[in-house]
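Structure record follows, encoded as structure tokens.
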Amino acid sequence: MSDPVLIRLAVNGDTHTAAVPARKLLSDVLREDLGLTGTHVGCEHGVCGACTILLDGRPARSCLMFAVQAEGHQITTIESVAVNGSLSPLQQALHEQHGLQCGFCTPGIVMTFEAYLRENGSPTEAEVRDVLSGNLCRCTGYQNIVAAILSAAEAMRGDEP
Amino acid sequence: MKPAAFEYHRPESVDQVVALLAQFDGEAQIIAGGQSLTPMLSFRMSRPAHLIDVNALTSLDCIRVIDGVLEIGALTRHHRIATDPLVHAHCPLLAEAAGTIGHYAIRQRGTIGGSLAHADPSAQLPLITTLLNAEIVLAGRNGQRAVPARGFFLGSLDTAIEPGEIIVCVRIRIPAVDAGWSFELFSQRRGDFAIVAVAVLLLLGETGKVERLSIAIAGIGPTPLSMDNVSQASLGRMPDAAWQSELVTTLGDSLEPDDNPKFPALYRKDLARNLLTRALASALSRAERSRA
């Protein structure tokens with residue numbers, strides 16, 4: 001039953017093939033089989049949000065999915081967010097507002113909010129804090145993360161024609 | 001810890017699911033959103049030999065209104081329920097409650113079928129379906145059957161689902177358009193399971209007297225509790241401050257929470273009274289606004 005299953009995963013626009021046990025979590029396959037270690041594993045039981053990726057454009061905790069389940073879906077990880085070395089508005093804001101220290105929680109936060117800000121481009125601080133509650137940070141106390149998200153939202157609105 | 005080994009199946013129809021459940025009788029578990037089940041598998045609290053992934057049953061991800069009934073497919077995600085215009089129009093109480101489940105990322109994957117099948121005593125959807133006495137439709141070898149929510153939740157994590165069955169949809173009789181409603185939840189942190197949660201639905205008559213009243217509460221016992229037998233005595237009166245206060249006292253006195261070292265019974269009873277007070281006021285305010 002632990003015999004590897006051959007699966008094809010569409011990650012960041014590329015197709016990868018891997019032979020993995022059905023019981024191997026998506027988070028572990030991304031990191032170990034595909035070498036995409038930007039997705040971090042914190043609690044491994046869906047509480048901390050560090051492992052958040054996008055599944056078909058929607059945030060999902062990759063420690064709560066088996067890699068085999070992701071076949072036929074589009075996976076987006078943190079590695080795809082900066083384009084040609086250029087930080088996204090959210091990444092840039094986190095950098096400018098000192099919204100990270102150790103950076104462990106950061107990819108999960110970026111993935112959550114890259115999706116959320118596309119759904120709600122004008123969040124209130126309360127809405128940002130509500131969505132952020134699914135990502136635990138041990139370093140920053142969240143203050144600068146909230147400021148960065150609000151700043152990024154403003155920048156993203158300003159960029160619209 | 002990592003999950004124990006299993007054989008993975010991804011059926012594409014309800015019939016295939018039913019066949020697999022029959023074939024692997026007792027050794028198979030269904031995975032939908034996986035937000036509750038996957039941690040259990042990782043902790044090895046559950047070790048099914050076969051995992052049946054139902055995420056390909058996309059026809060079960062649906063919301064529609066037919067003849068005064070809101071029908072929601074079992075695979076419908078919490079986020080969709082929380083934001084769907086049909087749910088907001090016909091049963092805003094459900095949308096509100098669904099929007100408080102876990103966190104944003106969890107709501108993208110978690111499903112109503114999964115939540116009801118999991119039957120956590122403090123969860124929102126078991127509470128709301130109990131309040132509304134929704135019909136939970138199951139498919140099995142012998143076809144489909146519908147179980148009313150108030151007979152569905154048998155205990156903590158225990159439901160009326162028989163071996164070989166899968167939830168396919170939930171049917172809710174749409175409340176009156178001018179019904180007052182409210183949902184109140186208290187937890188230590190945003191996104192935690194409720195310590196206590198309360199839901200209220202009420203209808204005021206022409207003269208402003210309370211014509212219909214439904215109240216349900218989660219976090220008191222191993223299943224959500226409908227308080228209708230207690231609250232019926234309060235019908236036919238004007239819902240003034242004295243009425244509200246009496247009702248909260250009567251309801252509060254009737255609660256016998258299981259003891260729990262983290263959240264003692266006395267604390268939960270007090271919390272329940274506070275939430276009931278807020279919930280009644282809020283539901284009445286909505287009812288009065290829709291009459292105006």
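Below, read A as the first sequence line, B as the second, and so on, with proteins coming before strands; counting in each chain starts at 1.
- For A/Asp130, the parts lying under 4.5 angstrom from a heavy atom of chain B are both the backbone and the side chain.
- Neither the backbone nor the side chain of B/Leu37 comes within less than 4.5 Å of any heavy atom of chain A.
- Residue B/Ala56: no heavy atom, backbone or side chain, is found under 4.5 Å from chain A.
- Under a 4.0 Å N-O distance rule, the pair B/Arg268/B/Asp258 does not qualify as a salt bridge.
- Residues A/Phe66 and B/Phe6 place their aromatic rings such that the two centres sit under 6.0 Å apart.
- Ring pair B/Tyr8/B/His50: centre-to-centre distance not below 6.0 Å.
- With chain A as partner, the option from B/Gly102, B/Gly33, B/Ala4 having the largest number of non-hydrogen pairs under 4.5 angstrom is B/Ala4.
- Between A/Phe104 and A/His40, the ring planes lie parallel to each other; the angle is under 30°, not in the 30° to 60° tilted range.
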field: side chain to side chain contact (heavy atoms under 4.5 Å, CB included) assessment of B/Leu138 paired with B/Ile166
entry: CA-CA 5 Å; B/Leu138 299 160; B/Ile166 174 177; over 6 Å; no
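- For a residue to count as touching a neighbouring chain, one of its non-hydrogen atoms must lie under 4.5 Å from one of that chain's; by this rule A/Cys63 touches chain B with the backbone only.
- Of the atoms belonging to A/Leu132, not a single heavy atom falls under 4.5 Å from chain B.
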